[in-house]
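These notes concern the structure reproduced below.
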Amino acid sequence: MNFEKLAEDLGLEREEYLELIELFIETGMSDLDILQSAIKEVNAEKAANAAHSLKGAAGSIGLMELSETAKEIEEKARNDRLEETAEAAQALKKKLGVIAELLRW
Amino acid sequence: LSSIFTPFQQADGSTTRRYGGIGLGLSICKKISNLMHGDVWAESEVNKGSIFHFTAWLGKAEDKKANRFEPVSLSGKKALIVDDNQSNLDILTHVLELVGMRVVALTNGEAVVPTLQKALEDENPFDLLITDIQMPGMDGHGVAKQIRDPKYQFPNIPLLALSSLMEQDAKKCEEAGFDGFLGKPIRREKLYTMLERIMGEMEDEGEKGEVVREKIITQYSVREEMKCSVRILLAEDNPVNQKLAKMMLTKAGYQVELANNGQEAVEKYTTSPENFDLIFMDVQMPVMDGMEATKAIREKGFDTIPIVALTAHAMNGDKEISLKAGMNDYITKPIKRELVFEILEKWVFNRETS
């Protein structure tokens, strides 16, 4: 993951971008917790909203792959296919963890 | 403990210590603090924590509030305009009269001082002088020098230069005593902004009873200044998007106020509408979404403030829905910097007032 490039695309300094991505991991993790509990409770709307929030935040800081996955989850949740989303949610959580790990270095 | 402020000293001097560094940071802090007639010291308890203190003598900052642009009304103001080209005079007269100004036109520089004096004697003085730079006989610089000559009674009249020459002339105009400089061809909106700005400045000085000629205003500085005085209300619920948009906008010189949802946006805007020049409105928000918030603002009679939708899906008719709800424009997320600035350009700077 090239933070310099991502920062540059947004017209930000590297440090500013890192601040954003830290905030993203924090809020993203909490969105994912909400998403996972919503999947367990079979609350499609709650799940869709959490995925929507993730999609938007990831997209705006240039993490397009994450954003796409979140988008798929949102769409499935809105189309009565919530049961198909658990795996993707887990995968997202893993990816976020990897980014958090990258930041520590 | 105080040894840690000595260069190349570490609290733990062993080569296996946990924390790296060569021990210069704190000694630099001490130096800086000492240079500011203060000092640095620390209190520390092993395995508990440390408190670092510093003192310094600082000058009080000049009270410079967020320079909100406060235009004066142009209507009723009396302007003297000078240009050797009659059709330029006709156009300028028309443009100034459109905003209710009274205009007297002259075709040569020599007539300026007598005209100003006559008006002063008749107790109907001019509020402003706009002059072309390149003229046969007495040119614009000559006019300015004469006006600013202390032997006449109008050293404070706002003076604006119009020239087809380029910006590098601004310096020369400043030296000659001009307050503002505009290149030709003139855009109406820019001219008005500059006039409001120049005359506003002069009025302030009048109140304080002191004459401080500020830096000359050029199209560029007017623009930059307008930017800093542009306040944006950003309604967006996602913290990451909030932070990103705020970073982008403040870096570019704009002022940003946040609202976490539609309801907050409605409250913030309607309690002080004069504080905002544009609203960026996320469409999907908790509590109250962007559509509802826009409708609420429009229903309260605020129909001129530009509201720009931030929408996640351009595909499924969000554009039409947001325009229908009373928004002026829309941006698709993820937002692109260039597009945001383009929108601001379009809705804040280039709005025609007529």
Side-chain angles (χ1 to χ4, degrees), chain A residues 3 5-32 34-35 38 45-68 70-75 77-79 92 96 99-100 103, chain B residues 20 227 232 234-254 256 258-262 280-291 308-318 322 330-345:
Chain A
F3 292 136
K5 172 82 173 63
L6 289 166
E8 198 188 309
D9 289 347
L10 294 170
L12 299 176
E13 304 292 323
R14 186 174 186 273
E15 295 310 311
E16 291 172 314
Y17 186 77
L18 292 182
E19 247 181 77
L20 271 179
I21 208 160
E22 265 170 32
L23 181 63
F24 168 71
I25 287 168
E26 202 183 304
T27 59
M29 281 296 185
S30 116
D31 282 335
L32 276 171
I34 296 170
L35 174 63
E45 200 193 333
K46 192 168 149 194
N49 287 340
H52 177 83
S53 166
L54 253 173
K55 175 190 77 177
S60 57
I61 58 171
L63 304 179
M64 300 327 284
E65 209 181 305
L66 276 177
S67 180
E68 272 305 311
K71 186 179 166 193
E72 280 160 28
I73 295 175
E74 184 190 356
E75 278 165 6
R78 292 205 197 285
N79 292 306
L92 269 184
L96 233 61
I99 300 173
L103 278 181
Chain B
K227 236 175 161 183
I232 295 161
L234 173 69
E236 159 72 62
D237 63 309
N238 188 295
V240 175
N241 293 342
Q242 276 183 355
K243 188 163 185 153
L244 171 64
K246 192 164 181 176
M247 270 180 183
M248 261 183 197
L249 293 167
T250 44
K251 256 175 107 86
Y254 298 101
V256 183
L258 290 173
N260 292 307
N261 56 56
F280 279 123
M281 185 80 82
D282 186 16
V283 171
Q284 198 169 339
M285 286 184 286
V287 188
M288 183 191 274
D289 70 22
M291 307 292 182
V308 178
L310 303 175
T311 156
H313 7 247
M315 305 308 198
N316 45 21
D318 257 19
S322 35
Y330 74 100
I331 296 181
T332 311
K333 292 211 256 184
I335 56 166
K336 292 267 170 302
R337 191 161 51 121
E338 293 73 21
L339 195 59
V340 170
F341 297 151
E342 242 171 65
I343 288 277
L344 283 166
E345 193 76 22

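All values reported here derive from a predicted model rather than from experimental measurement. Sequence lines set the chain letters: A, B, ... in the order given, protein chains first and strands last, and positions in each chain run from 1.
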NE2-CG distance between A/H52 and B/N238, expressed to the nearest 0.5 angstrom: 8.5 Å
B/K251 vs A/E13, side-chain contact (heavy atoms from CB on, under 4.5 Å): CA-CA, chis, key distance, verdict: CA-CA 11 Å; B/K251 256 175 107 86; A/E13 304 292 323; 3.8 Å; yes
Heavy-atom pair of closest approach, residues A/S60 and B/P334: CA-CB, 3.6 Å
Where B/M248 and A/L10 come nearest, the two heavy atoms and their spacing: CE-O, 4.1 Å
From B/D237 atom CG to A/N49 atom CG, the distance as rounded to the nearest 0.5 Å: 9.5 Å
Hey, can you pull the donor-acceptor pairs under 3.5 Å for the side chains in residues 21-30 of chain A, sequence neighbours left out?
| unit_1 | atom_1 | unit_2 | atom_2 | d |
| --- | --- | --- | --- | --- |
| A/T27 | OG1 | A/L23 | O | 3.1 |
| A/T27 | OG1 | A/F24 | O | 3.3 |

Value rounded to 0.5 Å, distance of CD in A/E19 from CG in B/L244: 12.0 Å
Nearest non-hydrogen partners of B/R337 and A/E8, listed with the distance: NH2-O, 4.4 Å
Contact winner vs chain B - A/S53, A/G11, A/A58, heavy-atom pairs under 4.5 Å: A/G11
Minimal non-hydrogen separation, B/N241 against A/G56, with atom names: OD1-O, 3.6 Å
B/V240 to A/L20 - nearest heavy-atom pair and separation: O-CD2, 3.7 Å
